[in-house]
Each structure stands twice: as C-alpha cells, then as structure tokens.
Number of protein chains: 2
Amino acid sequence: MINPNIHKLNKAFESRVRLGIMSVLMVNDTVDFNTLKELLQVTDGNLASHNAALEKDGYLHIKKEFVGKKTLTTYSATKAGVKAFEEHLNVLEKLIKKID
Amino acid sequence: MINPNIHKLNKAFESRVRLGIMSVLMVNDTVDFNTLKELLQVTDGNLASHNAALEKDGYLHIKKEFVGKKTLTTYSATKAGVKAFEEHLNVLEKLIKKID
DNA sequence: ATAGTAACTTTGTATTACAAAGTGCTTTAC
DNA sequence: GTAAAGCACTTTGTAATACAAAGTTACTAT
C-alpha cells in the first residue's frame, strides 16, 4: 500500500492562485501586478492578498518602483521560494508517478 | 508568458487530504477507513468529512458491510472520480513540465 | 459491568478564499 | 480644472473550509 505522504506538501502552495503565481515566477524572473492578474484571472484584491501571503512566508519579493510617473509593482520568487516550490513539485511529481 | 490555467484545477482535489485519498484509490481498488486514516495521519472525524465531500461530488463510493459481526467501511473511486482526478493530474503535470 | 473497536456526527474554532467597495496617488481627457 | 481612469492596494464582509475534540450508536470481548 502506497503512502501518499501528503504532509510534505507545502500549505503555502495549496491554493491554486498561489500555485499559479509561483508557476509563473519559475519561468519568468519577474511579473508585474496586472500581467499576473490577467494570467490568473483573479480580482486585484484577491491577488494582492495572495502576494502578501507569499511575501510573509519569504517566498516572494515585491518591488515597487516608478516607471515614468506611474507606479509599477513587480514580483519575483526569492531563493527560499524557488526551493520550497521545487520541493513541493517533487512531492506532487512522486504522487503522480506512483499513479501512472 | 505562460498561462498556468489554474482554473482547470479541480477544487475537490485542492485539499491534501482529498489528494491523498484519491491517490491511494488510483493504485488500490479499495481501502478501508482505518488503513486510510493511518496512511494519511488524520483524525477520524476529519477523514469522514473528506470522504463525505468526495462522495457528494460523486467521486467516491462508500460501501458499508459486516465482516463477521463488525462493521467495515470500504472506499473506492467511482468512474467519474477516476476521470476527474486524472484530468486534475494532467493539469498539474503540464504545470510541472513547463517549469522543469 | 466495563472497556474497546468501528465509523462516524456534532460542535466549535480558526483559517481561508474571494468579491466588492473604498483608498491615495497620479495621469490623461475634456 | 474637474472628471475619469489606472495602479496597487486595504478594508469589509461573507461563505466555505479544515481540523480537533468530544459525543454517538452499535456491536464485541472479558
């Protein structure tokens, strides 16, 4: 009988929105707020709170700057974020492989 | 820019406990309550409610019988459950593959 | 009579997701 | 110069969820 070892899954990445944020940031170094919002199809308030949660966990770096005279917020995964997400994916992958 | 397509992820399988239940049931035709409880390391109340949720979605079949004079509850994935879970895993797999 | 197993259900708490509305600041349109 | 609109939130409120712990029903073993 296999043991799914579900406790190794990272709670921070259980939400699909945060799964999406991290996925985007594994392929792209940075994303800005509005691109992320469009990709994930979420409301801005919702996105902001997920970003805040990931930042609080130390997985997301938030950078605010001015481009011209407009504010621009860009996000990137921290090293800890990359590591934690990769581990999470490994656990998922093992789960999937056992099944196939 | 990749699109993680997170809305194709099935909400029913977002919880790690339910992810675990389905994983076990993709490899084993049936599991009984106590084996599942041990594998997933959850309290019995918690497990019962996750099972009920999956049954309500039509993904889990719950069978109660007597073995000797003891009750025995065994669980199996329905066809719809297998299909839905496989689709969910496909979405996850695509997500992971894009990243690797 | 007591304790134990089985599989819950109930109760209660804490966390979460999310939408919608509001905020403060800035730019562009008329 | 007032209005509208963009940016990236914060606040507010609601509904769903996770989970533990305790209670429950029905049996069995001692």
Side-chain angles (χ1 to χ4, degrees), chain A residues 1 4-25 30-57 59-76 88, chain B residues 1 4-25 30-57 59-76 88:
Chain A
M1 183 81 61
N5 231 341
I6 57 172
H7 297 282
K8 284 190 182 169
L9 289 168
N10 194 327
K11 265 216 153 191
F13 307 129
E14 217 165 317
S15 137
R16 60 224 209 155
V17 175
R18 290 200 294 276
L19 203 66
I21 294 167
M22 293 306 289
S23 298
V24 170
L25 287 176
T30 63
V31 210
D32 63 272
F33 188 87
N34 280 310
T35 305
L36 206 48
K37 190 178 122 186
E38 242 182 73
L39 284 174
L40 303 180
Q41 304 264 60
V42 290
T43 54
D44 46 4
N46 193 9
L47 180 56
S49 71
H50 281 296
N51 285 337
L54 286 172
E55 191 197 23
K56 201 180 141 219
D57 287 335
Y59 296 159
L60 190 70
H61 176 69
I62 303 184
K63 179 182 161 200
K64 289 155 193 285
E65 60 179 331
F66 279 87
V67 169
K69 299 270 176 74
K70 276 189 190 169
T71 60
L72 179 70
T73 309
T74 49
Y75 304 92
S76 54
H88 181 78
Chain B
M1 182 81 61
N5 231 341
I6 56 171
H7 297 281
K8 283 189 182 169
L9 289 168
N10 195 327
K11 266 216 151 189
F13 307 129
E14 218 165 316
S15 137
R16 60 224 211 152
V17 176
R18 289 199 294 275
L19 202 67
I21 294 167
M22 293 307 289
S23 297
V24 170
L25 287 176
T30 62
V31 210
D32 64 273
F33 188 86
N34 281 312
T35 305
L36 206 48
K37 190 178 124 189
E38 243 182 72
L39 285 175
L40 303 180
Q41 304 262 62
V42 290
T43 54
D44 47 3
N46 192 10
L47 180 55
S49 71
H50 282 297
N51 284 337
L54 285 173
E55 191 198 23
K56 201 180 142 218
D57 287 334
Y59 296 159
L60 191 70
H61 177 69
I62 303 184
K63 179 182 161 200
K64 290 157 193 282
E65 60 178 332
F66 280 87
V67 169
K69 299 271 176 76
K70 275 189 192 174
T71 60
L72 178 69
T73 309
T74 48
Y75 305 93
S76 55
H88 180 79

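Values reported hereafter were calculated over all heavy atoms of this structure, with side chains retained and with hydrogens, waters and symmetry mates removed. Residue numbers start from 1 in every chain, and the chains themselves are labelled A, B, ... in the order their sequence lines are given, proteins ahead of strands.
- The distance between atom CD of B:E38 and atom P of C:dA6, rounded to the nearest whole Å, is 10 Å.
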Steps toward side-chain contact (heavy atoms from CB on, under 4.5 Å) verdict (B:N51, B:F33) = CA-CA 10 Å; B:N51 284 337; B:F33 188 86; 4.2 Å; yes

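- Checking side-chain atoms of B:H61 against main-chain N and O of B:T74 turns up no donor-acceptor pair under 3.5 Å.
- Residue B:Q41 holds its CD atom at 8.5 Å from CG of B:L39, rounded to the nearest 0.5 Å.
- Annotation for B:E14: atom CD counts as buried by contact number, over 12 foreign heavy atoms lying within 6.0 Å.
- Residue B:K37 places no side-chain N or O under 4.0 Å from the OP1 or OP2 atom of C:dA6.
- Protein atom CG of A:D44 is 16 Å distant from nucleotide atom P of C:dG24, rounded to whole Å.
- Going from atom NZ of B:K70 over to atom P of C:dG4 covers 14 Å, rounded to whole Å.
- Within the structure, a side-chain polar atom (N or O) of B:Y75 is placed less than 4.0 Å from OP1 or OP2 of C:dC8.
- Taking the six-membered ring where tryptophan is involved, the planes of B:F13 and B:H88 are perpendicular, since the angle between them exceeds 60° and thus also 30°.
- A donor-acceptor pair shorter than 3.5 Å cannot be found between the side chains of B:T43 and B:N46.
- The residue A:V42 sits apart from the nucleic acid: no heavy atom pair falls under 4.0 Å.
- Mapping heavy-atom proximity under 4.0 Å, the span of DNA chain D touched by chain B runs 5' to 3' from D:dA18 to D:dT28.
- One can place CZ of A:R18 at 14 Å from P of C:dT15, the figure rounded to the nearest angstrom.
- Heavy-atom nearest nucleotides on DNA chain D were determined for A:F33 and for A:K11, and the one closer to the 5' end corresponds to A:F33.
- To the nearest 0.5 Å, the span separating CG on A:L36 from CG on A:L47 amounts to 5.0 Å.
- Taking atom CG of A:L40 as the reference point, atom P of C:dA17 lies 14 Å away to the nearest angstrom.
- Between B:S15 atom OG and A:L9 atom CG the span is 10.0 Å, to the nearest 0.5 Å.
- When the nearest nucleotides of DNA chain D are assigned to A:T74 and B:T43 by heavy-atom distance, the more 5′-ward of the two goes with A:T74.
- In terms of position on DNA chain C, the residue among A:F66 and A:Q41 whose nearest nucleotide sits closer to the 5' end is A:Q41.
- The stretch residues 46-54 of chain A comes close to DNA chain C through A:N46, A:H50, each having a heavy atom under 4.0 Å from the strand.
- Between the NZ atom of A:K63 and the OG1 atom of A:T30 there is a distance of 7.5 Å, given to the nearest 0.5 Å.
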